[in-house]
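To start, the structure itself, in structure tokens.
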There are 2 protein chains.
Amino acid sequence: MSSASLMSNRRFQVRETVLDSALYLFAQKGFFNTSIPDIVAHSGVSTGSIYHHFSDKEEIARALYDRHVQQMDVLINAIEAQYPQSEMRCRKIILALFELTEKEPMVMAYMLHARHQEFMPDVAPVCSSRPFQRMREVVAKGMRDGEIRRMDSMVAAVSVFGGAMKFIQFYLDGVLERSLSDYFDELWCNAWASVRA
Amino acid sequence: MSSASLMSNRRFQVRETVLDSALYLFAQKGFFNTSIPDIVAHSGVSTGSIYHHFSDKEEIARALYDRHVQQMDVLINAIEAQYPQSEMRCRKIILALFELTEKEPMVMAYMLHARHQEFMPDVAPVCSSRPFQRMREVVAKGMRDGEIRRMDSMVAAVSVFGGAMKFIQFYLDGVLERSLSDYFDELWCNAWASVRA
DNA sequence: GTCTATACTGCGATAGAC
DNA sequence: GTCTATCGCAGTATAGAC
């Protein structure tokens with residue numbers, strides 16, 4: 001391994017450590033209730049080092065956001081590669097999001113719950129991010145292919161995914177009695193029934 | 001009018017002025033991006049006076065929250081009084097929320113979008129507040145009465161209201177091409193189809 | 001590149017006159 | 001009850017040694 005790639009690996013490591021702590025703290029207490037000293041204490045990385053890797057607190061939030069937009073995008077890539085039909089794609093996307101929510105609730109809390117625009121002024125709302133655009137595109141394709149009834153494409157997308165997203169929110173808010181996956185079958189049955197051709 | 005009630009009216013007036021400004025600013029920029037000086041500038045009420053009426057910034061947020069929980073509750077009262085059937089109640093509740101969103105977007109932005117728990121540590125998530133509890137109760141009643149198929153009551157509630165709530169979020173995020181009410185018929189058709197007996 | 005120590009700023013909250 | 005002036009502090013970001 002070259003010394004250049006070793007250095008950039010170390011660089012990468014520190015960034016990831018900081019982002020992991022930021023994820024934990026932002027998801028737990030929110031961006032504004034998390035101070036740089038909090039991140040220093042939780043990550044073990046010093047103030048100076050943090051500011052060496054990130055220009056300011058906002059950039060930490062932005063890097064974190066980008067990291068997990070990409071994570072979700074990769075998830076959707078895998079599903080689209082494996083399943084050609086829109087129905088199965090939608091099903092699997094919801095299942096994948098449910099799984100992600102239960103395995104890494106902090107990721108979903110930060111991606112879905114946080115009001116990103118309050119601390120990243122120039123970022124578009126989450127629902128305009130690539131993964132969510134692609135979820136709508138899967139539904140639009142299903143409509144073109146005749147799997148889904150003709151209707152407004154936004155209405156279709158919301159009918160398919162809206163309930164699941166709401167359930168994720170309930171899960172993160174701790175108002176659910178059982179695990180997310182326990183609700184999936186009934187929920188999916190309703191969602192698909194409302195749009196199928 | 002007695003001097004006591006005159007005084008309490010004045011007292012009421014100042015509180016409302018402050019709450020109106022807080023609503024505007026919290027909805028626009030968020031709680032943490034709104035300073036007391038911002039509220040002073042926007043409301044024309046002085047710092048000292050604000051702190052005479054509210055113990056701290058958090059109490060402003062709480063009073064605002066209570067005011068609009070009650071506003072929504074009154075809305076639901078009116079609907080329940082007029083319509084006995086669950087189907088019509090659900091329909092009318094969604095219509096009322098759409099109307100409120102278009103007429104007073106700041107109210108809905110503050111009530112639905114804000115992460116209340118980040119600045120009011122002891123408050124329950126919005127979805128546990130009275131209006132949203134009652135929406136779920138309307139659906140549960142519909143199930144008991146045989147208007148809605150037997151299923152998990154949370155799944156039913158989410159299937160009926162989830163899509164509409166998602167649309168409100170889209171509206172507030174400015175990603176909708178048309179007005180909310182334009183989507184209502186198609187949306188309601190899907191939602192009700194997914195749960196009706 | 002990483003650390004400690006610290007400068008600077010802006011805000012929440014109070015004091016105290018009227 | 002309302003105002004202006006101000007205190008104290010928390011927190012971001014930087015300076016500068018190593």
Side-chain angles (χ1 to χ4, degrees), chain A residues 1-22 24-26 28-64 114 116 118-122, chain B residues 1-26 28-65 114 116 118-122:
Chain A
M1 194 186 282
S2 76
S3 86
S5 83
L6 194 74
M7 265 170 66
S8 72
N9 273 342
R10 283 186 73 81
R11 183 178 176 78
F12 180 78
Q13 278 291 345
V14 176
R15 278 182 67 94
E16 289 299 298
T17 305
V18 171
L19 291 182
D20 289 343
S21 290
Y24 175 82
L25 293 163
F26 291 172
Q28 184 107 336
K29 316 194 292 174
F31 177 86
F32 293 101
N33 291 318
T34 301
S35 66
I36 297 293
D38 287 339
I39 299 177
V40 170
H42 188 271
S43 66
V45 178
S46 70
T47 316
S49 199
I50 289 176
Y51 278 97
H52 178 77
H53 289 277
F54 301 94
S55 66
D56 55 16
K57 192 181 159 190
E58 186 183 324
E59 211 205 82
I60 299 175
R62 198 187 320 275
L64 193 57
H116 305 111
E118 285 184 20
F119 48 88
M120 300 185 287
D122 51 340
Chain B
M1 192 187 282
S2 75
S3 84
S5 83
L6 193 72
M7 266 172 64
S8 71
N9 273 343
R10 283 186 73 82
R11 184 180 175 75
F12 180 79
Q13 279 290 347
V14 176
R15 279 182 67 95
E16 290 299 299
T17 304
V18 172
L19 291 182
D20 289 344
S21 290
L23 174 63
Y24 175 81
L25 294 163
F26 291 172
Q28 184 107 337
K29 316 195 291 172
F31 177 85
F32 293 102
N33 291 319
T34 301
S35 66
I36 296 293
D38 287 340
I39 299 177
V40 169
H42 188 271
S43 66
V45 177
S46 69
T47 317
S49 200
I50 289 176
Y51 278 98
H52 179 76
H53 289 279
F54 301 93
S55 65
D56 55 16
K57 194 181 159 189
E58 186 183 324
E59 211 205 80
I60 299 175
R62 200 189 318 276
L64 192 58
Y65 183 75
H116 304 112
E118 284 183 19
F119 48 89
M120 302 185 286
D122 51 341

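Each chain gets a letter, A, B and so on, in the order the sequences are listed, and its residues count up from 1.
In terms of the side chain to side chain donor-acceptor pair (under 3.5 Å) criterion, residue partners of B:His42 (sequence neighbours excluded) are, by chain and number, B:Ser21.
Only A:Thr34, A:Ser35, A:Ile36, A:Pro37, listed by number, bring a heavy atom of residues 31-41 of chain A to less than 4.0 angstrom from any atom of DNA chain D.
One finds the CD1 atom of B:Ile39 at 11.5 Å from the CG atom of B:Asp20 (value rounded to the nearest 0.5 Å). Rounded to the nearest 0.5 angstrom, A:Glu16 CD and A:Leu64 CG are separated by 9.5 Å.
Rounded to whole Å, the distance from CZ on B:Arg11 to C1' on D:dT2 is 13 Å. Straight-line distance from the CD1 atom of A:Ile50 to the P atom of C:dT2: 11 Å, rounded to whole Å. Distance A:His53 NE2 to D:dA13 P: 17 Å, rounded to the nearest Å. The interatomic distance linking B:Phe12 (CZ) with D:dG1 (C1') rounds to 18 Å, in whole Å. Distance B:Gln13 CD to D:dT2 P: 11 Å, rounded to the nearest Å. Straight-line distance from the CD1 atom of A:Ile60 to the C1' atom of D:dT12: 11 Å, rounded to whole Å. Taking atom CZ on B:Phe54 and atom C1' on C:dA13, their separation rounds to 15 Å, with Å as the unit. Rounded to whole Å, the distance from NZ on B:Lys57 to C1' on C:dT14 is 17 Å.
Residues B:Val40 and B:Ser46 come closest through the heavy atom pair CG2-C, 4.1 Å. In plain terms, the two heavy atoms of B:Ala22 and B:Ile60 that are nearest each other are CB-CG2, 3.7 Å.
Distance alone, capped at 3.5 Å, is enough to place a donor-acceptor pair between the B:Arg15 side chain and the B:His53 backbone. Remark: the backbone N or O of B:Phe31 is paired with a side-chain donor or acceptor of B:Lys57 at under 3.5 angstrom.
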**OP:** Walk me through it: do A:Asp38 and A:Ser35 pass the test side chain to side chain donor-acceptor pair (under 3.5 Å)?
**Re:** CA-CA 5 Å; A:Asp38 287 339; A:Ser35 66; 3.3 Å; yes
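Between B:Phe32 and A:Phe32, the ring planes lie parallel to each other; the angle is under 30°, not in the 30° to 60° tilted range.
Applying the 4.0 Å criterion to OP1 and OP2 of C:dG1, one finds that A:His52 has a side-chain N or O inside that range.
Among the nucleotides D:dA13, C:dT2, D:dC3, the one closest to the side chain of B:Ser49 is D:dC3. Considering only the side chain of B:Ser46, D:dC3 comes nearest among D:dC3, C:dA13, C:dT2.
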Hey, what are the protein-to-nucleotides 14-18 of chain D N/O distances that come in under 3.5 Å?
none

